[in-house]
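Reading through the structure tokens given below for one structure.
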Amino acid sequence: MDLVIRDARVIDGSGGPSYRADVGIQGGRIAALRRRGEPRLSGVRTLDAGGLALAPGFIDMHAHSDLALLRDPDHSAKAAQGVTLEVLGQDGLSYAPVDDRTLAEVRRTVTGWNGDGGDIDFDWRSVGGYLDRLDRGIAVNAAYLVPQGTVRMYAIGWEDRPATPQELDRMRELVAEGLEQGAVGMSSGLTYTPGMYAPDAELAELCKVVARYGGYYCPHHRSYGAGALEAYEEMVALTREAGCALHLAHATMNFGVNKGRAAELLTLLDEALAAGADISLDTYPYTPGCTTLVAMLPSWANAGGPAAVLERLRDDAMAERIRHHLEVVGSDGCHGVPIEWDTVEISGVSDAGLASYVGRTVAESAQLRGESPWAVARRLLLDDGLGSTILQHVGHEENVREIMRHRVHTGGSDGILQGEKPHPRAYGTFPHYLGHYARDLHVLPLEEMVAHLTSRPAARLRLPDRGLIREGYRADVVLFDPDTVAAGSSFEHPRALPVGIPYVLIDGKFVIEDGRRTDVLAGRSVRRARG
């Protein structure tokens, strides 16, 4: 054996009871398991687990590391959490498939998520090209979803109208090509332009393509606020019609209108599951959300792309119309709920000269400056070129816990790594599940929580050799201390690394050893299984 991990408490990802065993690793796979009392294994190297739990590597079902994996070989934000696989291409916006025009537009659109990419050599245009780029060596493994908003941007542009038959054919082709090249499904951001301009009939046609390839549809649906349940029902009905598996992204029930309503969502899902639907979901274990400030604007204000948005914001009459929709009507970008500026905290800016806004709500900055909140928000959008990110404090703890318990739940960080004060979920989601919610609050037994973070997402991704501690499976594993594991990150110190996770292996190689990041780049693209 290349490595023998002795006397580990194996939490194998199935949800069943843990057990003591030696685990032998050879050639990047789990080669042998010997339970306590069976003959011991020997290897070139031996690691005494010393009471640590050994689990499959955690799978982040909703990640925004699309450029971070390329620019930051260390990537301790995820590696130190025990994440061994991230799913990228989320919320309908990412960097493949593109042409030169679309690439420039999407880079500007998601600057708040990933930076402007000025430090990246965009030497790809296709999904396959992007996955090939990842295969040169990255910190953790990565799978990819074809981003429907980018596809629509490529085929149609930024117009708020149904696709023509020719444009729909082109979108079908782009989705099919991405799946053939290894994408595991398709994502949408249906509160983000231009993806939100797609009617259900158009989305259903693209989902039929996804279904044909055995992938899944992962929508950020049309509302997490007013009309949230109706938005969930819409996605369930749409995918049932298309015969496509459904994975609900960051499946929360937010804003005051949804306080205490998680049970209604879960009843909806249980009824659909009982009727034969193929549904899963992910959540992050925190109440605030995170997105860009420009995403709050009504969809009509985003029509035409970033340059058109800035032009509207410069026009006083148009800016007043935007304010009215935000503060009085309830913008579709803000989930149909009139915006409460005291819940909108600026977490990052693209222009370092605007750093004084970071860490304050828009309402706080307005009070300090003696201005209206909209005046502050408008100026920040203009001065920062739409690159500002926000935390939106609109969640409910009881909803978070109730959804977390559901049998189709998986973990996803939704981690945005940009900004001076990012959401702590980017650095803390998985240890926070294990320590705070499993150990401290007993929301789920530890073995069941591990299953939510390992085998369940592996099943959704149709990965036949990941997500469990089994002989023959990939040696993507994490060793953690159940008594001390915790997120180091907090809203005050969002980039602090976890504690209690001393070892992480990918392909049998240590990426975290004795609590420190090694220089190993064992991650590669994980592509859709054929057939």
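- Checked by atom type, the side-chain pair Asp135/Ser525 shows a donor-acceptor distance below 3.5 Å.
- A distance-only check finds no donor-acceptor pair linking the side chain of Arg125 to the backbone of Val98 [under 3.5 Å].
- Arg528 places a side-chain N or O within donor-acceptor distance of the main-chain N or O of Leu179, the cut-off being under 3.5 Å.
- Rounding to the nearest 0.5 Å gives a distance of 5.0 Å between CE of Met61 and OG1 of Thr410.
- The line from CZ of Arg474 to CG of Leu505 is 14.5 Å long, rounded to the nearest 0.5 Å.
- Both tests pass for Arg425 against the ring of Tyr284: distance under 6.0 Å to the centre and angle within 45° of the axis.
- Checking side-chain atoms of Asp91 against main-chain N and O of Leu93 turns up no donor-acceptor pair under 3.5 Å.
- In this structure, Val83 and Ile59 have side chains that are not in contact, with every pair of non-hydrogen atoms separated by 4.5 Å or more.
- Taking 4.0 Å as the cut-off between side-chain N and carboxylate O, Asp465 and Arg29 count as a salt-bridged pair.
- Nearest approach of Leu69 to Ala139, heavy atoms of both residues: CD2-N, 4.3 Å.
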Are Thr283 and His409 close enough, and set up right, to give a side-chain hydrogen bond (donor to acceptor under 3.5 Å, both in side chains), and what steps lead you there?
CA-CA 7 Å; Thr283 70; His409 168 266; 2.7 Å; yes

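- A donor-acceptor contact shorter than 3.5 Å links the side chain of Asn258 to the backbone of Asn254.
- Here the closest heavy-atom approach between residue Ile416 and residue Thr291 is recorded as CD1-CA, 4.4 Å.
- The side-chain heavy atoms of Val140 and Val511, taken from C-beta on, include no pair separated by under 4.5 Å.
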Let me see the working for His247 and Tyr217 under ring-ring contact (aromatic ring centres under 6.0 Å, His included), right down to the final yes or no.
CA-CA 6 Å; His247 180 84; Tyr217 180 44; over 10 Å; no

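- Counting heavy atoms from C-beta on, the side chains of His62 and Leu88 never come closer than 4.5 Å.
- No hydrogens or angles considered: a donor-acceptor pair under 3.5 Å links the side chains of Thr191 and His220.
- Remark: the backbone N or O of Leu134 is not paired with any side-chain donor or acceptor of Arg524 at under 3.5 angstrom.
- Less than 6.0 angstrom separates the ring centroid of Phe255 from the ring centroid of His335.
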Glu345 vs His393, side-chain hydrogen bond (donor to acceptor under 3.5 Å, both in side chains): CA-CA, chis, key distance, verdict:
CA-CA 8 Å; Glu345 177 186 353; His393 298 270; 2.8 Å; yes

Evaluate Leu3 against Phe510 for side-chain contact (heavy atoms from CB on, under 4.5 Å), listing each step before the verdict.
CA-CA 11 Å; Leu3 171 68; Phe510 286 95; 3.8 Å; yes

Go through Leu67 and Trp113 one step at a time and tell me if the side-chain contact (heavy atoms from CB on, under 4.5 Å) criterion holds.
CA-CA 9 Å; Leu67 298 186; Trp113 293 356; over 6 Å; no

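- No hydrogens or angles considered: nothing links the side chains of Thr287 and Glu397 as a donor-acceptor pair under 3.5 Å.
- The distance from the CE atom of Met404 to the CG atom of Asp282 is 12.0 Å, given to the nearest 0.5 Å.
- With hydrogens and angles disregarded, a donor-acceptor distance shorter than 3.5 Å links the side chain of Asp481 to the backbone of Asp483.
- Side chains of Thr46 and Met1 form no contact here, defined as non-hydrogen atoms less than 4.5 Å apart.
- Cation-pi geometry between Arg460 and Tyr216 is met: the NZ or CZ atom falls under 6.0 Å from the ring centre, inside 45° of the normal.
- Using modelled atom types, one finds a donor on one side chain and an acceptor on the other under 3.5 Å when comparing Ser94 with Asp66.
- Within the 4.5 Å cutoff, no side-chain heavy atoms of Leu461 are placed close to those of Val526.
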Derivation and outcome, salt bridge (Lys or Arg N to Asp or Glu O under 4.0 Å), residues Arg34 and Glu471
CA-CA 10 Å; Arg34 294 290 184 271; Glu471 292 183 358; 3.8 Å; yes

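- The main-chain N or O of Val87 is found under 3.5 Å from a side-chain atom of Gln90 such that the two form a donor-acceptor pair.
- Taking the ring centroids of Tyr427 and His423, they lie at or beyond the 6.0 Å cut-off.
- Aromatic rings from Tyr144 and Tyr130 are positioned such that their centres are separated by under 6.0 Å.
- Looking at Gln81 and His432, their side chains never bring a donor and an acceptor atom within 3.5 Å of each other.
- Checked by atom type and distance alone, the side chain of Arg466 never pairs as donor or acceptor with a backbone atom of Asp476 at under 3.5 Å.
- For the atom pair CG of Leu246 and CG of Leu238, the computed distance is 9.0 Å after rounding to the nearest 0.5 Å.
- Checking Ser347 against Thr389 by side-chain atom types alone, a donor-acceptor pair falls below 3.5 Å.
- With hydrogens and angles disregarded, a donor-acceptor distance shorter than 3.5 Å links the side chain of Asn399 to the backbone of Ala262.
- For Tyr286 and His250, the ring centers are positioned 6.0 Å apart or more.
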Lys421 vs Glu492, salt bridge (Lys or Arg N to Asp or Glu O under 4.0 Å): CA-CA, chis, key distance, verdict:
CA-CA 8 Å; Lys421 194 174 181 287; Glu492 293 74 28; over 6 Å; no

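- With contacts defined as side-chain heavy-atom distances shorter than 4.5 Å, the pair Asp60/Phe430 qualifies.
- Using a 4.5 Å heavy-atom cutoff, the side chains of Gln148 and Leu203 are in contact.
- If you check the side chains of Tyr503 and Asp514, you find a donor sitting under 3.5 Å from an acceptor.
- Between Ser280 and Leu248, every side-chain heavy-atom pair lies at or beyond the 4.5 Å cut-off.
- A donor-acceptor pair shorter than 3.5 Å can be found between the side chains of Arg9 and Ser18.
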